[in-house]
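This report refers to the structure that appears directly beneath it.
Heavy-atom basis, side chains included; hydrogens, waters and symmetry copies ignored. The first residue in the sequence is number 1, and the count goes up from there. What you are looking at is a predicted structure, and each value in this text was computed from that prediction instead of being measured.
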Amino acid sequence: MKKNSHIPYKKALNPSQLEAVNFKEGSLLVIAGAGSGKTRTLTYRVARLVEEGISPGSILLLTFTRKASQEMLKRAAALLDNRCERVSGGTFHSFSHAVLRRYASKIGFDHDFSIIDRTDAEQFISMLRKEMGAFSRDRSFPRKQTLANIFSRSVNKVLSVEDVVLNDYPHFTLHIEAIVALSNAYRKQKAENNFFDYDDLLIYLEMLLKNHSDVRDEICSTYHYVMVDEYQDTNKIQAEIIYLLAGNKKNVMVVGDDSQSIYAFRGANFENIMKFPEVFSGTRIIRLEENYRSVQPILKLTNVIIERAEKKYSKTLFTRKSGGSLPLLVKSRSENIQSRFVVKKIREINRKGIPLNQIAVLFRASFHSFDLEIELSREGIPFIKVGGFKFMESAHIKDVLAHLRVISNPLDRISWYRILLLLDNIGPKTAIDIYETILAEKAGYTGILAIQPKSRRSKGMVRLKDLFSTIDSKPMSVSQLGEAIVNYYVPTLKEKYDDHPKRTRDLEHLVTIMERYGNLKPFLSDMALEPPNTKFNDSFLTDDQSEDRLILSTIHSAKGLEWHTVFIIWALEGRFPSIHALHRKKEFEEELRLIYVASTRAKENLFYTYPVHVYDKASGMILNRPSSFIDNIPEDILAEYSAGM
C-alpha cells in the first residue's frame with residue numbers, strides 16, 4: 001500500500017477485510033460470512049489496485065448482476081477517482097458477449113450473430129415443435145417454457161437432456177426421445193441461423209478459451225487481475241471459464257460463502273467454492289467473520305445451525321453490537337394458530353415503532369404462506385409477496401374456487417365462464433349460451449344438469465355434470481366439497497400445466513385450509529379479502545421503499561436482503577426440510593444452508609414457527625417435529641414457546 005494513500009484503509013476495514021484488500025499476487029478465496037461486508041471488501045480492493053498503479057483495463061470484475069458491478073465501481077471511484085470506472089466490470093454473460101463479438105469466426109460464427117432472449121428462445125422452440133409435427137398436438141407433451149427450462153438446465157448443470165428429464169421432470173419420461181430430438185433440432189437450428197441464446201454465450205466462450213490457445217493467451221495478457229463475486233453461485237461452465245482466464249499468473253480473487261449456496265436448481269455448483277483451493281494450488285483463504293447486521297444471540301444460533309453442515313468452511317460469526325433477545329421456536333396446534341400467532345406478533349412489533357417493511361415472513365415454498373395471507377387480509381395488514389404467486393393470483397387456485405363460488409352463488413357469471421372455458425371445444429359464445437340456459441332453469445348450480453351437450457363437447461360436459469350431481473346428492477363439509485372438486489380438476493390441471501405435481505400439492509394444501517371452516521360462505525369471503533390484482537416486482541427491494549407493507553418472501557428471493565424482524569414459518573420436519581430432501585443427502589445439505597440464509601436475514605428479532613399434527617398425503621405420515629435443522633438446540637440459545645396448545 002502506498003504511504004501517501006488518502007484512502008483510510010485501516011480505519012475503514014476490519015483486520016480480515018484489510019488482509020483481503022492488501023492481497024495482490026496469486027489466488028485468494030475470501031469466505032465472506034453473512035453480513036460481513038463482502039461488497040465493501042471488493043470495492044476497496046478495486047480502489048487499492050488502481051491506486052497501486054495497476055491499469056484499470058487489466059482488472060476484470062465479474063458479478064451476477066450488472067447493477068452489482070456498476071455499484072462497486074461507482075463506490076471505488078468515489079473512494080479514489082474516476083479511473084476505477086474504467087475497470088472491466090460486468091456479468092459473466094456480458095463479458096462473454098464482448099469476447100465472442102470479437103472472436104466469433106474462430107468458432108464458426110459470424111461476428112454479427114443475434115442474441116435471442118428467453119421469450120425468443122421459447123417461441124423458436126414452439127416453432128420447431130410444430131414443424132416436427134409428431135407430438136405437436138399431444139397435450140401431455142411439455143410446453144415451450146418447460147422445454148426451454150429443460151434445455152437450459154442441461155447446459156448449466158452439464159448434464160444430458162435425458163438426465164434432466166429423469167431427475168427433475170420424471171412425469172415426462174414417456175416423451176424423452178422426442179424431447180432429446182427437439183433439443184438437437186433447437187441446437188442445430190440456432191447454429192444455422194447464427195443465433196445465440198443466453199446459455200450459448202457461456203458455452204461458446206468456454207469452447208473458445210479451451211480450443212484456441214492464441215485467443216486465450218491474448219485475453220489472459222489483457223486481464224492481469226480477475227475478481228469474482230458470489231462465487232458459490234457459479235455453475236461448472238463459469239468455474240471453468242475462470243480457470244481458463246487465470247492463465248499462468250493465476251491472480252484470481254473469488255468472494256463467496258459456501259453456507260449461502262442455495263441455487264442448485266439453477267445450475268449453481270456447490271463444489272466450485274469447496275474445490276477452489278485444489279484447482280488453484282497455493283490459494284490463501286481469508287474468512288470474514290465479523291457481522292455488521294445481526295445481534296449476537298442470532299449469530300450464536302446461526303453458528304450452531306451451520307455447524308451441522310457436513311461439508312463447509314468452518315467459521316464463527318460475531319458482532320460488536322450489544323443486546324438482543326433470544327430467537328424463539330414457536331410450536332402451534334394448527335396451521336391457522338401459527339398464522340394468528342405471526343399476525344399478533346407483527347401487530348405488537350409494529351406498535352413499538354418498527355415499520356411493516358422492516359418485518360419479513362420467509363418460507364421454503366410459496367404455498368406455505370397461503371393460510372397466513374388469509375389472516376393478514378382479514379386483519380387489514382398490507383403485504384407484498386415475492387417468489388411464487390399470491391394465493392388469489394394462482395390460476396389453478398382460481399379454477400377450483402370458481403367451482404365453489406357457483407355452488408354458493410349460481411348467478412356468478414364470471415365463475416361459470418371460467419369453469420366452462422376449461423372444457424374442450426367450448427369457447428366464449430358457447431359458454432354464454434350454457435350460462436343463460438342454467439339461469440333459465442332457476443335450479444341453482446344443478447341447472448347445468450339440463451344442458452344437452454353436443455357430441456363434440458360431451459365428454460367434458462358429462463364429467464362436469466357428474467361432479468355437480470354428486471355434490472347435490474349428499475351433504476358435504478367444506479373440505480369434502482374441496483376434495484371432490486380437486487379430484488375432478490386434477491386431469492385438467494395435468495393437461496394445462498407442466499408443473500402439475502407442484503400445483504397438485506398447492507391444491508391439497510388448499511383443502512387442508514378448508515378443514516377449519518364449517519360453512520362455505522365465510523371461506524369464500526376470506527378468499528375475496530385478498531385483492532386479486534396486486535402485483536409485485538423487484539422495485540420494492542431496491543428503489544421503492546415508500547410503501548409500508550409487510551414482506552412475504554420465499555427464502556430464495558430473500559437472499560442478500562435484511563430486516564429488523566424475521567419470521568420463518570413451517571419450520572416443520574417434512575416441510576423444511578421437505579420429505580423429498582430427507583432421503584437425498586445433497587438436497588438435505590442445501591436445505592440446511594437455506595434455513596441458515598433465512599436466519600441470517602434478521603437484525604434484531606428471529607422467530608421460527610411450526611404447526612403440529614400435519615398429515616402429509618404423499619407419505620401418509622403425521623408431521624409433528626420441529627425441523628431437524630433447529631431441533632435439540634439448548635434453550636439458552638433457542639427459546640421455545642407453545643401457541644394454542
Side-chain angles (χ1 to χ4, degrees), residues 1-63 68-89 220 222-232 242-243 245-258 273 276-293 313-320:
M1 192 187 305
K2 287 186 174 181
K3 291 181 181 177
N4 62 350
S5 169
H6 74 271
I7 300 176
Y9 293 100
K10 287 186 178 179
K11 187 177 180 182
L13 303 166
N14 67 40
S16 297
Q17 291 172 335
L18 185 63
E19 184 184 358
V21 166
N22 284 338
F23 185 87
K24 191 172 181 182
E25 304 294 331
S27 54
L28 172 65
L29 170 61
V30 178
I31 300 297
S36 63
K38 73 175 178 63
T39 301
R40 186 179 189 83
T41 303
L42 281 165
T43 301
Y44 273 81
R45 186 167 191 257
V46 168
R48 192 201 71 80
L49 287 174
V50 175
E51 189 181 40
E52 284 282 299
I54 305 298
S55 168
S58 69
I59 303 169
L60 177 62
L61 172 63
L62 293 174
T63 60
S69 63
Q70 288 176 336
E71 186 65 28
M72 285 183 210
L73 298 183
K74 185 179 175 183
R75 289 187 194 178
L79 286 171
L80 187 63
D81 55 47
N82 61 9
R83 284 178 294 166
C84 295
E85 294 184 341
R86 298 200 297 273
V87 166
S88 299
C220 290
T222 301
Y223 300 110
H224 298 163
Y225 294 89
V226 178
M227 290 187 279
V228 186
D229 189 22
E230 302 283 14
Y231 193 71
Q232 77 281 349
I242 294 302
Y243 177 75
L245 287 174
N248 295 323
K249 292 188 179 72
K250 303 217 174 351
N251 291 332
V252 178
M253 172 188 180
V254 301
V255 180
D257 184 4
D258 56 296
I273 195 166
F276 186 84
E278 296 175 28
V279 174
F280 292 90
S281 59
T283 292
R284 185 191 295 185
I285 300 175
I286 297 173
R287 291 169 171 80
L288 304 185
E289 297 176 298
E290 182 170 355
N291 178 282
Y292 297 92
R293 175 186 299 153
Y313 288 102
S314 292
K315 56 187 170 294
T316 304
L317 297 184
F318 68 93
T319 184
R320 300 183 196 192

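With a 4.5 Å cut-off on side-chain heavy atoms, Leu49 and Val87 do not count as touching. Inter-residue side-chain proximity for Tyr313 and Leu29 is flagged as met; some heavy-atom pair is nearer than 4.5 Å. Taking 4.5 Å as the limit, some side-chain heavy atom of Met253 sits within range of a side-chain heavy atom of Leu42. Taking 4.5 Å as the limit, every side-chain heavy atom of Phe280 sits out of range of all side-chain heavy atoms of Val254. Annotation: side chain of Leu80 is in contact with side chain of Ile7 (closest heavy-atom distance under 4.5 Å). Taking the side chain as every heavy atom from C-beta outward, Asp258 and Gln232 never approach each other to under 4.5 Å.
Using a cutoff of 4.0 Å between basic side-chain nitrogens and carboxylate oxygens, Glu51 and Arg83 are not scored as salt-bridged.
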- Task: Could you walk me through whether His224 and Ile54 pass the side-chain contact (heavy atoms from CB on, under 4.5 Å) test, one step at a time?
- Result: CA-CA 9 Å; His224 298 163; Ile54 305 298; 5.8 Å; no
- Report the C-alpha distance between Phe276 and Val252 in whole Å, list the side-chain angles of each, state the deciding distance to 0.1 Å, and finish with yes or no for side-chain contact (heavy atoms from CB on, under 4.5 Å). CA-CA 10 Å; Phe276 186 84; Val252 178; 4.0 Å; yes
- Could you walk me through whether Leu317 and Arg293 pass side-chain contact (heavy atoms from CB on, under 4.5 Å), step by step? CA-CA 11 Å; Leu317 297 184; Arg293 175 186 299 153; over 6 Å; no
- Decide yes or no on side-chain contact (heavy atoms from CB on, under 4.5 Å) for Asp229 and Met227, but give the supporting numbers first. CA-CA 7 Å; Asp229 189 22; Met227 290 187 279; over 6 Å; no
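In this structure, the side chain of Arg48 engages the main chain of Val21 through a donor-acceptor pair within 3.5 Å. When atom types are taken as modelled, the side chain of Asp257 and the backbone of Ile31 share no donor-acceptor pair closer than 3.5 angstrom. Side-chain atoms of Arg287 never come within 3.5 Å of backbone atoms of Gly33 as a donor-acceptor pair (strictly under, hydrogens ignored).
Atom OG of residue Ser16 and atom NZ of residue Lys315 lie 13.0 Å apart, to the nearest 0.5 angstrom. In this structure, OG1 on Thr39 lies 6.0 Å from CZ on Arg75, to the nearest 0.5 angstrom. For the atom pair CD1 (Ile59) and OH (Tyr223), the distance works out to 11.5 Å, reported to the nearest 0.5 Å. Residue Thr43 holds its OG1 atom at 7.0 Å from CG of Leu79, rounded to the nearest 0.5 Å. To the nearest 0.5 Å, atoms CG (Asn14) and OH (Tyr292) are separated by 3.5 Å. The distance from the SG atom of Cys220 to the CG atom of Leu245 is 6.0 Å, given to the nearest 0.5 Å.
Closest heavy-atom contact between Ala34 and Asn291: O-ND2, 2.5 Å. Heavy-atom minimum distance, Ala12 versus Gln17: O-OE1, 4.4 Å. Minimum heavy-atom separation, Asn251 to Gly26: OD1-N, 2.7 Å. The nearest pair of heavy atoms linking Cys84 to Ala77 is CB-N, 3.6 Å. Smallest separation of non-hydrogen atoms from Ile285 and Pro277: CD1-CG, 3.9 Å. Residues Thr41 and Ala20 approach most closely at CG2-CB, 3.8 Å, considering heavy atoms.
Of the residues listed (Arg45, Lys249, Lys24, Glu25), the one engaging Tyr225 in a side-chain hydrogen bond (donor to acceptor under 3.5 Å, both in side chains) is Glu25, and it is the only one.
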